[in-house]
Amino acid sequence: MVEENLSFEDLKLSRQFLNAIDDLGYSEPSPIQKKAIPISMAGHDLFGIAQTGTGKTAAFVLPILMKLKFAQGEHARALILAPTRELVMQIEESAKALAKYTDLRIVCLYGGLGPKPQIELIQAGVDIIVSTPQRFLDIYQKGIIHTKTIKTMVLDEADKMMDMGFAGQIRSVLEIVPIKRQNMLFSATMSDKVITLTEEFLEFPEKVEIAPQASVVDTIDQQLYEVPNFKTKINLLEHLLNEPEFTRVIVFTKTRTNADNVSKFLDRRGLGPIRVIHANKGQNTRINAMSEFKEGNVRVLVSTDVTARGMDISMVSHVINFDVPIITEDYVHRIGRTGRANNAGIAITFANPLELFAIAEIEKLIQTPINRSEIPARVIIEKTPFIEAQEMLREIDNIKKREDPDFKGAFHEKKNKYSASSKTKDKKQRVKTKKSSRRK
Ligand code: AMP
């Protein structure tokens with residue numbers, strides 16, 4: 001049978017899973033599911049290159065459910081590691097929905113709250129653990145998790161786990177799980193770090209790739225505004241959000257402070273309802289904000305990258321990158337929030353002169369230039385404050401120096417000259433004060 005025409009029945013899934021899939025309203029397997037499920041069900045290791053939104057979760061969850069079939073013993077037989085608690089919770093939700101006609105026990109573990117309820121769930125008996133790497137290790141070290149029974153392991157969003165510095169924790173987990181096991185690794189991108197990890201983690205893997213590396217969904221209209229500074233970005237954001245077609249917007253910022261400042265500003269201007277989510281917000285606040293946004297009760301969600309991972313939000317009319325992401329690949333993740341599931345979407349990026357360097361990297365990654373838009377005449381272009389300008393110049397110098405070690409940074413030379421003279425002045429001043437105090 002041609003792979004394209006495969007139905008869920010053709011994938012040889014048991015009736016209870018087909019019924020659950022029916023309840024979820026999936027009419028046919030997504031491309032990653034068509035490719036990955038047969039490989040995994042045949043017992044092979046799998047290296048999947050797929051972004052969120054492709055249906056990758058069910059692609060690794062269904063083969064696990066088929067393998068485990070029903071609750072058995074007390075200890076976990078499958079372990080799924082994911083970078084953030086949002087993603088962990090989302091995987092748990094998908095797995096529970098797919099396993100609803102079975103008695104399989106799925107427990108999710110993540111930090112940010114006391115481990116007691118999670119420990120109790122494990123002690124009650126578990127078949128599948130979904131966890132962030134650190135929380136898994138923490139609970140393991142308390143002697144609560146038995147790892148000998150783990151025969152299937154998944155690393156989801158491996159690229160993000162590497163970017164977030166989880167390589168050490170993952171290696172520690174690999175030391176405590178049985179060597180003989182089936183593995184699956186999913187990643188949106190294929191960086192060098194991910195490739196090294198696949199070499200350690202996977203054995204003779206079969207690779208399935210859904211979109212070419214960092215490909216950008218065709219239905220997304222990408223626009224870029226070159227904006228001189230923060231204040232002008234705020235003015236432009238206000239101007240855009242005054243347009244009624246901006247119905248469901250995610251605004252991405254690079255820092256928590258920017259997220260707070262932007263959301264406060266929009267709130268004051270009555271452009272909401274607005275919610276802000278970032279790592280400093282309590283978990284309940286984050287979950288509530290996301291569900292309100294999903295339900296359509298919130299117009300603008302302001303978020304940083306880390307929290308955005310694992311958000312399953314479709315039908316977003318616009319993604320606005322208030323700041324260009326620090327990690328180049330995050331651009332693709334961010335804009336993938338719009339234009340999902342065949343809905344046309346618009347991704348708008350604001351870039352200051354420093355961020356244009358990151359844009360050049362992004363354009364290399366997505367292999368296409370992003371269309372430049374003119375800042376509308378009605379938007380006031382503010383003067384860049386001295387400190388903001390200096391910070392940008394300093395960073396630009398650093399970038400140029402990295403590219404060319406012989407580059408003499410204009411900013412640094414001046415700065416040194418000024419700071420030398422002001423130091424001398426300071427010293428003179430101090431000497432003068434000493435003398436005058438002695439005289440007294
Ligand atoms: P994921 O890439 O796993 O985050 O999945 C993205 C979204 O697609 C989730 O809302 C899933 O419930 C949904 N989904 C997964 N598989 C299918 C399918 N075969 N048909 C339609 N939707 C699906």
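When a ligand or atom number is given, it counts from 1 through the structure's own listing order.
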Peer 1: Distance check, rounded to the nearest 0.5 Å: Gln16 atom CD versus Asn19 atom CG?
Peer 2: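 That separation rounds to 8.0 Å.
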Peer 1: How about Met41 and Pro63: do any of their side-chain heavy atoms sit closer than 4.5 Å?
Peer 2: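 Answer yes - side chains close enough.
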Peer 1: Of the side chain and backbone of Phe8, name the one, both, or neither that has a heavy atom under 4.0 Å from an atom of ligand 1.
Peer 2: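 Only the side chain of Phe8 comes within reach of ligand 1.
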Peer 1: Going by the rule side-chain contact (heavy atoms from CB on, under 4.5 Å), which residues pair with Phe357 if we only count those two or more places apart in sequence or in a different chain?
Peer 2: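 So Phe357 forms a side-chain contact (heavy atoms from CB on, under 4.5 Å) with Ile396, Ile399, Lys400.
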Peer 1: Please confirm whether Gln33 comes within less than 3.5 Å of ligand 1 when only nitrogen or oxygen atoms on both sides are compared.
Peer 2: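 Yes.
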Peer 1: N/O of Ser27 under 3.5 Å from N/O of ligand 1, yes or no?
Peer 2: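 In fact, backbone or side chain, Ser27 has no N or O that close.
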Peer 1: Show which atoms of ligand 1 fall inside a sub-4.0 Å distance from at least one heavy-atom site of Ser30.
Peer 2: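 Under 4.0 Å from Ser30, ligand 1 has these atoms: 19 (N).
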Peer 1: Quick one: does Pro29 get an N or O within less than 3.5 Å of an N or O on ligand 1?
Peer 2: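 Among all N and O atoms of Pro29, none is under 3.5 Å from an N or O of ligand 1.
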Peer 1: Mark up the atoms of ligand 1 that fall under 4.0 Å of a heavy atom belonging to Glu28, in ascending order.
Peer 2: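 In order of numbering, the contacting atoms are 18 (C), 19 (N), 20 (N).
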Peer 1: Would you say the ring centers of Phe230 and Phe322 fall short of 6.0 Å from each other?
Peer 2: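 Phe230 vs Phe322: aromatic centres under 6.0 Å.
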Peer 1: Could you tell me whether the side chains of Gln134 and Asp138 share a donor-acceptor contact shorter than 3.5 Å?
Peer 2: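 The answer is yes; a qualifying pair exists.
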Peer 1: Going by the order shown, which atoms of ligand 1 are within less than 4.0 Å of some heavy atom of Thr57?
Peer 2: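 So the atoms of ligand 1 that pass are 1 (P), 3 (O), 4 (O).
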Peer 1: Scan residues 37-71 for pairs that pass ring pair (Phe, Tyr, Trp, His ring centres under 6.0 Å), counting only residues two or more places apart or in two chains.
Peer 2: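 Of all non-adjacent pairs touching residues 37-71, those that pass ring pair (Phe, Tyr, Trp, His ring centres under 6.0 Å) are Phe60-Phe186.
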